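Here is the naming used below: chain letters follow the sequence lines, and residue numbers restart at 1 for every chain. Computed from a prediction, not measured in an experiment: that's the story for all the values here.
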Number of protein chains: 2
Amino acid sequence: MKHRKLRIHAPAILYFDKVRRCGSFREAARSLNVASSAVNRQILKLEEELGTPLFERLPSGLRLTAAGEIFARHATVVIQDTERVSSQLDALQGLRSGHVEITTVEGVTVDLLPGVIERMRSQYPNVTVGVSILGSTAIPEQIMNGQADLGLAFALLRNSELHQLIRGRFHLGAIMRPDHPLAGHSRLTFASCAAHPLILAKADLSIHHLLAPAISHSKNWGRAVVETSSVELAKKLALRGAGIAFQTRIGIEEELSRGDLVHIPIVNNQPVMSDLGLYTRAGRSLPVAVDAFARMLTEEITRRSQQEQDALSTGITPIL
Amino acid sequence: MKHRKLRIHAPAILYFDKVRRCGSFREAARSLNVASSAVNRQILKLEEELGTPLFERLPSGLRLTAAGEIFARHATVVIQDTERVSSQLDALQGLRSGHVEITTVEGVTVDLLPGVIERMRSQYPNVTVGVSILGSTAIPEQIMNGQADLGLAFALLRNSELHQLIRGRFHLGAIMRPDHPLAGHSRLTFASCAAHPLILAKADLSIHHLLAPAISHSKNWGRAVVETSSVELAKKLALRGAGIAFQTRIGIEEELSRGDLVHIPIVNNQPVMSDLGLYTRAGRSLPVAVDAFARMLTEEITRRSQQEQDALSTGITPIL
DNA sequence: CGCAGTGATGCCGAAATGGCATCACTCTGC
DNA sequence: GCAGAGTGATGCCATTTCGGCATCACTGCG
């Protein structure tokens, strides 16, 4: 059963938000199933009421003015909080419906996210979930736009518009086949890896920045077989024995449990850790479905992070 | 010059909010300068759209239902964020207008708040400021209601709906006339005060709870001349030599600088500190005027708190 | 040049909004 | 007990607002 959209607000707010997203009055009108003139007039009325244009009408298309940016945040606030109201009213009646939209990076889609989504769907069968895979840089924008409720990414720079719900710390490790010469170690420095063929991360991955200092300190290297911005590709290359890749344990759970890969923490002076954060738009009350999903994700991240901590303190690397 | 109210939202939201505040449809209608039937219909339409009543119509008056509470938050969110938009649009045009409503406790009205308001009015001449004096317990409610933008109080219990912008720590001290037998000390325990006539705080002041453990440990006391919930009254009594009162330095600035009173930090095991916090409703972007006022308050609180820290570290009590 | 796309505007019917009068009801004070 | 003042709900009507259609003026692309 799907809950109808609440129409408790002036159409102008919804129309404006659609136009902003579509970049065109007519496109927004089609998407809203209304005449374009209706949309046009609502925007014009809004601009008259506010005393300032919200869009620049350029030949190349629409662009938000400074006032438009201010109002866009307002529209997002109103629409998202309306969604919260809707979900909370449903919850009052015992319904657990709604939608969760999350943007994230590649690695978590392999094992972490599927598990959480499965639990979500068993506890909240009527909640729909949307997942988008984007680069780390695009994720904050999606959250602030209101296109995503939650963002899950490594090492996002903290922003006053972003709120970090939780942070998990995960060992960055060297991953390689069990028959690799270094596979027997329980700790590795980057320098000791550098003598072997390496699969490195490009600059748009957080891994790159974590290893950058170590790389610049290593003199005798140059054996980067591949540089990639896909952790999936790096994993597959390591599986084929192309070299040592560098990742957290997230995204290679199956290969680790089957023994197809080993994950050996990198230790320079201290263990090299990667921060996985869960983010929302700052200053927002979450709809119940989003809140529930966030809690489940938080729990799972905490569990895995704690698991690594425990493994470290007992001095036993979990697998191998 | 006063900025007109933005009418960008469905009247139902504004009407609902008014009704909630007034506790009556007709009263709200009068306040809004519309017919009561218009208000009534907007509420009925809203309830139909949401599929649930928002008010219980009791013979004794209106009461919010659970759904009404949920929607009340929404109305507050929308209205307050509209105010933010209005202020930011004004700021774009170089105007600095708006309104700041603050609820606070008694003590800060003597010197801290007047100074900040004066600075505010010189930098933002067109901003109006409203101040309400309430008991500590009522302040969180006012903020969550949206009746106040800022709350300034000692030792509020932290709430997920409240956001603490800053916290200043201030010495709780014994205040007395300079001719009091204990006036020469630079530190005092509560026990040593207990041998003299005391002016104590009632349970609704945070001071009471700070001293409660010390009081219960002191055996031979019973010389509480007065118990009051007014720090102003306590100050006046101390000025007349009625006994030792217990406060922070906030609210007795003039008496301290003129030498009419001395303020001697209370030290039990550690110095007894009182937390002065500045609060807003959690999850809210502040209008520019409110933001500016909050910054000035923050600066002033930090300055005074730091001043006490410095005085402590150098081992010199500032006055006396 | 034609064509497809855009935003703006005039016209008209439909829907929503607000004002007035009124009803049914409760509580208060005499 | 009864009158008066208060409450929220409702029917009727004028006004305003909203949306749909057709159209105009303009831009970019072959």
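Listed by residue number, the members of residues 58-73 of chain B with any heavy atom below 4.0 angstrom from DNA chain C are B/Pro59. Remark: B/Pro11, B/Tyr15 in residues 10-17 of chain B come within less than 4.0 Å of DNA chain C through at least one heavy atom.
The pair A/Glu27-A/Arg30 meets the salt-bridge criterion, since a charged nitrogen lies less than 4.0 angstrom from a carboxylate oxygen. Between A/Arg73 and A/Glu69 there is no salt bridge, since no side-chain N of the basic residue sits under 4.0 Å from a carboxylate O of the acidic one.
Of the two residues near DNA chain D, A/Lys45 and B/Arg41, the one whose nearest nucleotide lies more 5' is B/Arg41. Each of B/Val39 and B/Arg26 was assigned the nucleotide of DNA chain C with the nearest heavy atom; the assignment lying further toward the 5' end belongs to B/Val39.
In this structure, a donor-acceptor pair under 3.5 Å is absent between the side chains of A/Thr280 and A/His163.
For B/Phe71 and B/Phe55, the ring centers sit 6.0 Å or farther from each other.
Atom CG of B/Asn40 and atom C1' of D/dG11 are 13 Å apart (whole Å). Straight-line distance from the CZ atom of A/Arg7 to the C1' atom of D/dT17: 15 Å, rounded to whole Å.
With sequence neighbours excluded, no residue forms a ring-ring contact (aromatic ring centres under 6.0 Å, His included) with A/Phe154. Residues passing the salt bridge (Lys or Arg N to Asp or Glu O under 4.0 Å) test with B/Asp81 are B/Arg84, sequence neighbours excluded.
A 4.0 Å heavy-atom criterion places the boundary nucleotides of DNA chain C facing chain B at C/dT17 to C/dC27, written 5' to 3'.
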Please determine whether side chain to side chain contact (heavy atoms under 4.5 Å, CB included) holds for the pair A/Asn126 and A/Asp90, giving the CA-CA distance in whole Å, both sets of side-chain angles, and the decisive distance to 0.1 Å. CA-CA 11 Å; A/Asn126 295 321; A/Asp90 284 355; over 6 Å; no
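In the helix from C/dC1-D/dG30 to C/dC30-D/dG1, the end axes, each obtained as the rotation axis mapping the C1' atoms of four pairs onto the next four within a five-pair block, lie 30° apart to the nearest 10 degrees.
Side-chain contact between A/Val78 and A/Asp17 is absent, with no heavy-atom pair separated by less than 4.5 Å.
Screening A/Arg20, A/Met144, A/Gln147 against A/Thr76 for a side-chain contact (heavy atoms from CB on, under 4.5 Å) leaves a single residue, A/Arg20.
Under the 3.5 Å distance criterion, the side-chain polar atoms of B/Arg26 are left unmatched by any main-chain donor or acceptor of B/Ser37. In this structure, B/Thr65 contributes its side chain and B/Pro53 its backbone to a donor-acceptor pair below 3.5 Å.
The distance from the NE2 atom of B/His9 to the NE2 atom of A/His9 is 7.0 Å, given to the nearest 0.5 Å.
Listed pair A/Ser37 / D/dG19 fails the phosphate criterion, with no side-chain N or O lying under 4.0 Å from OP1 or OP2.
For B/Arg57, the CZ atom sits in a packed shell: over 12 heavy atoms of surrounding residues, nucleotides or ligands are nearer than 6.0 Å.
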